[in-house]
Amino acid sequence: MSAWGRAATRIVAATCAAMLITAALSGCAPTEPELDSVSASRMQESVAAVTQAAAAGDPAGAIAALDALEAQLKEDTASGMIGADRSAQIQASIDLVRADLTAALPEPPPAPSQEGTKDEDKKGNDKKEDNKDKNG
């Protein structure tokens, strides 16, 4: 496993563990739950997908799994399965993990510059003019 994979796994695992512990403890509260057990179970599966992709050294895959987790969070919050306070806490964790994963993405290759194309066009035009001069 690459150094990135080990570091990302630790970061994601720590954040996910905090989310899961918070979710588990909410089940002990005597008042209305902030996180429905069905939603908590589904979120655990989504968190596992993020962790597995990060451990495999696939930051793009981990971000895609994180996107799915975030969509699930929004849906469950809108339906009332997750309370607003708990949703905000989970979203904050998602944002932290996303920042770490985004930082681990490889740099995209530089885009070809327009000037290179203009220089090539100019060289091509110069050759055409040279051929006109020779052919007269």
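Just so you know, residue 1 is the first one in the sequence shown, and it goes up from there. Excluded from the calculations below are hydrogen atoms, water molecules and symmetry mates; all remaining heavy atoms, backbone and side chain alike, are included.
At a threshold of 4.5 Å between non-hydrogen side-chain atoms, the residues Gln52 and Asp58 do not count as touching. The closest side-chain heavy-atom distance from Leu73 to Thr77 is below 4.5 Å. By the 4.5 Å heavy-atom criterion applied to side chains, Asp76 and Asp36 are not counted as neighbours.
Atoms CZ and CG, on Arg42 and Leu69 in that order, are 10.5 Å from each other to the nearest 0.5 Å. Distance check: Glu70 CD to Ser46 OG gives 12.0 Å after rounding to the nearest 0.5 Å. To the nearest 0.5 angstrom, Ile94 atom CD1 is 9.0 Å from Lys74 atom NZ. Met43 CE to Ser41 OG: the interatomic distance, rounded to the nearest 0.5 Å, is 11.5 Å.
Scanning all heavy atoms of the two residues, the minimum distance from Ala53 to Ala62 falls at CB-N, 3.4 Å.
Defined by atom type and a distance below 3.5 Å, a donor-acceptor pair is present between the side-chain atoms of Asp95 and Gln91.
Put simply, the side chain of Thr51 gets close to the backbone of Val47: a donor and an acceptor are under 3.5 Å apart.
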